[in-house]
Amino acid sequence: KVRLSTKSFGIDAAKVASRAFVNLAKTLKEVDLSDTIAGRPEVEALKAMEIFSEGLTAAELTAVDLSDNAFGEKGVRACRKLLEEQKSLTSIAFLNNGISEQAA
């Protein structure tokens, strides 16, 4: 399990984390990205989430926590690639993200 919760990630830091995700892909099953982009400027936060998502597509995840990022519908789109690629997910947390019914 990788837990990045409560650490603030900009674009450069997200790229470093993404490379680590690729290196851990064969063994990585759970990732906690809660509260990793909240408070960042929107464009930077969404790009960081896209970078995280790209790095995680090679892993076969069972659990993802994206809570407390306050990213709304745009954030759902930013992590779309991650969620679409994961066939073994049994747990997804999206708490406190300002997501509408349509975005969910």
Side-chain angles (χ1 to χ4, degrees):
K1 178 176 182 174
V2 171
R3 184 174 185 260
L4 302 179
S5 180
T6 69
K7 309 296 184 258
S8 183
F9 285 80
I11 293 171
D12 290 337
K15 288 177 182 177
V16 171
S18 182
R19 285 192 298 271
F21 295 152
V22 170
N23 291 335
L24 295 169
K26 290 184 180 182
T27 59
L28 185 58
K29 298 296 178 196
E30 298 179 24
V31 66
D32 182 351
L33 298 175
S34 61
D35 195 21
T36 53
I37 60 167
R40 291 274 179 177
E42 182 179 354
V43 171
E44 179 183 21
L46 295 174
K47 183 62 179 172
M49 188 55 66
E50 287 175 6
I51 292 166
F52 284 147
S53 294
E54 288 171 16
L56 288 165
T57 57
E60 191 173 324
L61 300 173
T62 58
V64 176
D65 189 344
L66 297 165
S67 299
D68 300 317
N69 282 303
F71 55 37
E73 185 175 341
K74 291 178 184 177
V76 172
R77 279 183 265 167
C79 60
R80 179 180 179 179
K81 188 172 187 174
L82 163 65
L83 299 175
E84 285 182 340
E85 298 292 323
Q86 298 302 318
K87 306 302 182 205
S88 298
L89 278 178
T90 57
S91 175
I92 303 173
F94 271 115
L95 306 172
N96 197 27
N97 276 320
I99 299 173
S100 66
E101 280 185 49
Q102 292 79 18

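Below, each value reflects all heavy atoms present in this structure, side chains not excepted, and no hydrogens, waters or symmetry copies. Positions are given from 1 along the sequence.
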Which value, rounded to the nearest 0.5 Å, describes the distance between Leu33 atom CG and Met49 atom CE? 5.5 Å
Do you know the tightest heavy-atom contact between Gly55 and Phe21? O-CB, 3.5 Å
Looking only at side-chain N and O atoms, does Ser5 offer a donor or acceptor that is under 3.5 Å from a partner on Ser34? yes
Can you measure from NZ (Lys29) to CG (Leu24) and round to the nearest 0.5 angstrom? 12.0 Å
Once you round to the nearest 0.5 Å, how far does CD1 of Ile51 lie from CG of Asp12? 8.0 Å
The reported gap from CG in Leu56 to CG in Leu28 (rounded to nearest 0.5 angstrom) is 6.5 Å
Work out which heavy atom in Ala17 is nearest to a heavy atom in Leu4; give both atom names and the distance. CB-CD1, 4.2 Å
Mind listing the closest non-hydrogen atom pair of Arg40 and Ala45 along with its distance? CB-CB, 3.9 Å
Taking Asn69 for the side chain and Asn97 for the main chain, is one N or O donor matched with an acceptor at less than 3.5 Å? no
Donor-acceptor contact present, side-chain Lys87 to main-chain Glu84, <3.5 Å: yes
Within a radius of less than 6.0 Å around CZ of Arg77, do more than 12 heavy atoms belonging to other residues, nucleotides or ligands occur? yes
Apply the side-chain contact (heavy atoms from CB on, under 4.5 Å) test between Val31 and each candidate in Asp65, Val64, Leu82; give the one that qualifies. Val64
Within residues 46-60 or reaching into it, pairs that qualify as side-chain hydrogen bond (donor to acceptor under 3.5 Å, both in side chains) - sequence neighbours excluded: Glu60-Ser88
So CD1 of Ile92 and OG1 of Thr62: to nearest 0.5 Å the spacing works out to 11.0 Å
Spell out, as yes or no, whether a donor-acceptor pair under 3.5 Å connects the side chain of Ser91 to the backbone of Ala63. no
Would you please classify the geometry between the Phe9 ring and the Phe52 ring as parallel, tilted or perpendicular, with 30° and 60° separating the classes? perpendicular
Determine whether Val2 and Leu66 fall in the same hydrophobic cluster, where Ile, Leu, Val, Met, Phe, Trp and Tyr are linked whenever their side-chain heavy atoms lie under 4.5 Å apart. yes
Given side chains that start at C-beta, do those of Leu83 and Leu89 come closer than 4.5 Å, heavy atoms only? yes
Starting at CG of Asp32, measure out to OG1 of Thr6 and round the result to the nearest 0.5 Å. 8.5 Å
